[in-house]
Amino acid sequence: MAKFQKISVPKDGQKIEYKNGKLVVPDNPIIPYFEGDGTGPDIWRASQIVFDAAVAKAYGGKRKIAWMQTYAGLTALQNYDKDTVLPQDTLDAITEFKVAIKGPLTTPAGGFKYVCLVCAAEQNELDGKRPDKCVKCSSEWVTPRFRSVNVGLRQKLDLYACVRPVRWFKGVPCPVKQPEKFNIVIFRENTEDVYSGIEFEQGTPEAKRVYDFLTKEMGKKIPFPDSGIGIKPISITGTKRLVRMAIKYAIDHKKPSVTIVHKGNIQKFTEGAFRDWGYEVAKAEFRNQIVTEQELWDDLGGKMPAGKVLIKDRIADQTFQQMLLRPDEYSVLATPNLNGDYLSDAAVAQVGGLGIGPGANIGDGIAVFEATHGTAPKYTGKDQVNPGSLILSGVMMLEHMGWQEAADLIIGGLETTIGQKTVTYDLERQMEGAKKVKCSEFGKAIAANMQSAKVPAGV
């Protein structure tokens, strides 16, 4: 077992192994976690109550998670040094223990030189020097601006699929008339596209060199020379492994279709290629388990064979529209990085918002489950925010581990609690006659409702 600088490995747990393409999970698995920034500690505490109660109830004390705290974002600055937001320690721990879960992390958005990890305020140098304290909240946790820690995790650990299941829970207020029709799992490519971070700032010598190369040597027209320039790589490797995972998921979970979402009508050699390579992997590796949409109509008269998965494609902007008008025609979406980012947030808005939107970043043998919303720094330490996203991400984690009984208990406890109209402020303000509770109280209510529930079959 590896040695770590700042991480203490629980003595009462064992490692999850990855053998022959499958996880081997002991009864006392060590699970790395980090609480996250802003409201992260609040939602983590509420969620852990739920996870531990579900495992204890489902397995009668025969199974238990050994939680191992790791660090990223603010906690990394506090435990390592003031320029380290993603320690190698954390990357090594996740690599060794295979399955991890995390709260939200601060992601700076602007061109400022520094960011505060407490309140997320972005700021420039003061008198040509690094600020000693945040100009907004006076915190000392001001660090040089960095690209997203989340993106760093995905790229450094090669977590190439962002998986976002989106469904409605009865009683959750939402803006559409028939939210029960919405049950879609989005597989978003996680490592390339514009998120590769290949950019050249306007006015720099590097941007001029790229501009000159594209316009003079390659004969491409860029409308204005005062442009920032970004590069959008989409590869055969990245595409095929993402679509492969989406198709395997559809087969294993008996989903009727996989839709390849792209903007290939405009970006023919990147997103158009994503579509073409997606069909290639479907036909080459799943020939006896899939039917393409063209085959369905050209060869089968529109009659779908039983037990097979339909592979189709749609333009990205059309998909946004059809998620509103005909969501029940879609079950699994496979998308490039940027399209998947937009689509997954738009999808969860239809069923109640990010507060109940789970997510995971999954690679070959390694998975990190996460709250999909931001850090909401103005609510830090107030015990107010909805922990539902992290709780449901924990459900995904338990399913990934093969602990379906515990996952099902959490879903039942959550639905019962929402049905009782015992909810956090974000849902209470939209529900007539609801009782507003704190973040911690919401977690405790879910755990209490699980205690009276029948343990799912199969235990």
Side-chain angles (χ1 to χ4, degrees), residues 21-22 160-167 178 180-190 193 234-337 339-340 343-344 346-347 350 360 362 364 396 399-400:
K22 293 184 178 180
Y160 58 82
C162 178
V163 184
R164 299 273 297 270
V166 184
R167 54 162 287 192
Q178 295 178 298
E180 67 278 2
K181 289 185 175 182
F182 207 107
N183 191 351
I184 296 174
V185 182
I186 299 172
F187 282 74
R188 165 191 169 197
E189 202 290 319
N190 232 356
D193 198 351
I234 288 184
S235 68
I236 296 173
T237 300
T239 297
K240 286 191 173 182
R241 65 183 184 175
L242 183 279
V243 176
R244 180 183 297 116
M245 185 182 287
I247 295 173
K248 283 183 177 179
Y249 179 91
I251 292 169
D252 292 344
H253 291 81
K254 296 180 170 47
K255 297 289 186 178
S257 69
V258 174
T259 304
I260 301 168
V261 182
H262 60 92
K263 193 62 178 170
N265 56 328
I266 303 298
Q267 301 172 49
K268 301 184 184 300
F269 304 129
T270 51
E271 303 218 4
F274 180 88
R275 172 201 59 209
D276 296 342
W277 296 329
Y279 277 117
E280 284 180 13
V281 74
K283 293 176 184 178
E285 300 182 20
F286 303 95
R287 182 64 277 182
N288 295 326
Q289 296 158 294
I290 64 95
V291 171
T292 69
E293 192 169 38
Q294 183 174 355
E295 293 166 346
L296 175 65
W297 295 107
D298 290 354
D299 305 330
L300 301 172
K303 295 182 180 180
M304 189 68 192
K308 294 200 174 184
V309 176
L310 177 65
I311 308 296
K312 54 187 176 178
D313 72 275
R314 294 291 183 271
I315 300 297
D317 44 317
Q318 180 189 20
T319 306
F320 274 93
Q321 177 185 205
Q322 293 192 346
M323 281 199 315
L324 279 168
L325 299 177
R326 303 200 297 273
D328 50 340
E329 294 182 10
Y330 299 88
S331 52
V332 176
L333 306 183
T335 81
N337 207 332
N339 289 337
L343 279 166
S344 55
Q350 292 182 220
I362 302 174
D364 294 327
M396 292 180 69
E399 291 175 339
H400 184 73

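In this text the structure is predicted, and so the values were computed from the model without any measurement.
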| message | Leu300 vs Val291, test: side-chain contact (heavy atoms from CB on, under 4.5 Å). Steps then yes/no. | response | CA-CA 10 Å; Leu300 301 172; Val291 171; 3.8 Å; yes
| task | May I have the step-by-step check of side-chain contact (heavy atoms from CB on, under 4.5 Å) for Val243 and Phe187, ending in yes or no? | result | CA-CA 8 Å; Val243 176; Phe187 282 74; over 6 Å; no
| Counting only heavy atoms not in Gln294, do more than 12 sit closer than 6.0 Å to its CD atom? | no
| message | Using the side chain to side chain donor-acceptor pair (under 3.5 Å) criterion, which residues pair with Asp252? Sequence neighbours excluded. | response | none
| request: Please check if the side chain of Asp193 supplies one atom and the backbone of Asn337 the other of a donor-acceptor pair under 3.5 Å. | output: yes
| query | Taking it one step at a time, do Lys263 and Asp317 satisfy salt bridge (Lys or Arg N to Asp or Glu O under 4.0 Å)? | reply | CA-CA 8 Å; Lys263 193 62 178 170; Asp317 44 317; 2.9 Å; yes
| said: Could you check whether any side-chain heavy atom of Leu325 comes within less than 4.5 Å of a side-chain heavy atom of Gln321, counting everything from C-beta outward? | reply: yes
| remark: For Phe320 and Ala346, the nearest pair of non-hydrogen atoms, with its separation, is CE2-CB, 3.7 Å
| note | Scanning both residues in full, the closest heavy-atom pair of Ala334 with Leu242 reads CB-CD1, 3.9 Å
| Run the side-chain contact (heavy atoms from CB on, under 4.5 Å) check on Leu310 and Glu293 step by step: do they pass? | CA-CA 6 Å; Leu310 177 65; Glu293 192 169 38; 4.3 Å; yes
| field | Heavy-atom side-chain proximity of Glu189 to Thr335 below 4.5 angstrom | value | no
| task | Would you indicate whether the side-chain heavy atoms of Leu324 and Gln350 approach each other to under 4.5 Å? | result | yes
| request: Give a yes-or-no answer on whether the side chains of His262 and Asn339 include a donor-acceptor pair shorter than 3.5 Å. | output: no
| Where the side chain of His253 meets the backbone of Tyr249, is there a donor-acceptor pair that is under 3.5 Å apart? | yes
| note | Scanning both residues in full, the closest heavy-atom pair of Gly278 with Thr239 reads N-CG2, 4.1 Å
| task | Working to the nearest 0.5 Å, report the span between CD of Gln178 and NZ of Lys181. | result | 4.0 Å
| note | Separation between CD1 (Ile184) and CG (Leu333), nearest 0.5 Å, reads 5.5 Å
| field | Heavy-atom side-chain contact between Val261 and Leu343 under 4.5 Å | value | yes
| field | Criterion salt bridge (Lys or Arg N to Asp or Glu O under 4.0 Å) on Arg287 and Glu280, from CA distance to verdict | value | CA-CA 10 Å; Arg287 182 64 277 182; Glu280 284 180 13; over 6 Å; no
| query | With a 4.5 Å limit on heavy-atom distance, are the side chains of Pro336 and Ile234 in contact? | reply | yes
| task | Kindly give the heavy-atom pair with the smallest separation between Ala282 and Ile290, and that separation in Å. | result | O-CG1, 3.6 Å
| message | With rounding to the nearest 0.5 angstrom, report the CZ to CD distance, Arg167 to Glu180. | response | 12.0 Å
| note | Residues Ser257 and Lys312: closest non-hydrogen pair is OG-CE, 3.9 Å
| query | Are any non-hydrogen side-chain atoms of Lys248 and Phe286 less than 4.5 angstrom apart? | reply | yes
| Does Thr292 offer a backbone N or O that forms a donor-acceptor pair with the side chain of Tyr279 under 3.5 Å? | no
| For Val332, the option from Val163, Ile186, Val258 that meets side chain to side chain contact (heavy atoms under 4.5 Å, CB included) | Val258
| task | Give a yes or no answer on whether the side chain of Lys268 reaches the backbone of Asn265 with a donor-acceptor pair at less than 3.5 Å. | result | yes
| message | Show, in sequence, the C-alpha distance, side-chain angles and deciding distance for Glu329 and Arg314, and conclude whether the salt bridge (Lys or Arg N to Asp or Glu O under 4.0 Å) test is met. | response | CA-CA 12 Å; Glu329 294 182 10; Arg314 294 291 183 271; 5.8 Å; no
| remark: Nearest heavy-atom contact between Gly340 and Arg188 is C-CD, 3.7 Å
| said: Do Glu271 and Arg275 have side chains that approach each other closer than 4.5 Å (heavy atoms only, starting at C-beta)? | reply: no
| query | Does Asn183 reach the side chain of Ser331, with side-chain heavy atoms less than 4.5 Å apart? | reply | no
| said: Quick one, Ile247 with Val309, criterion side-chain contact (heavy atoms from CB on, under 4.5 Å). Give me CA distance, side-chain angles, the key distance, then yes/no. | reply: CA-CA 8 Å; Ile247 295 173; Val309 176; 5.5 Å; no
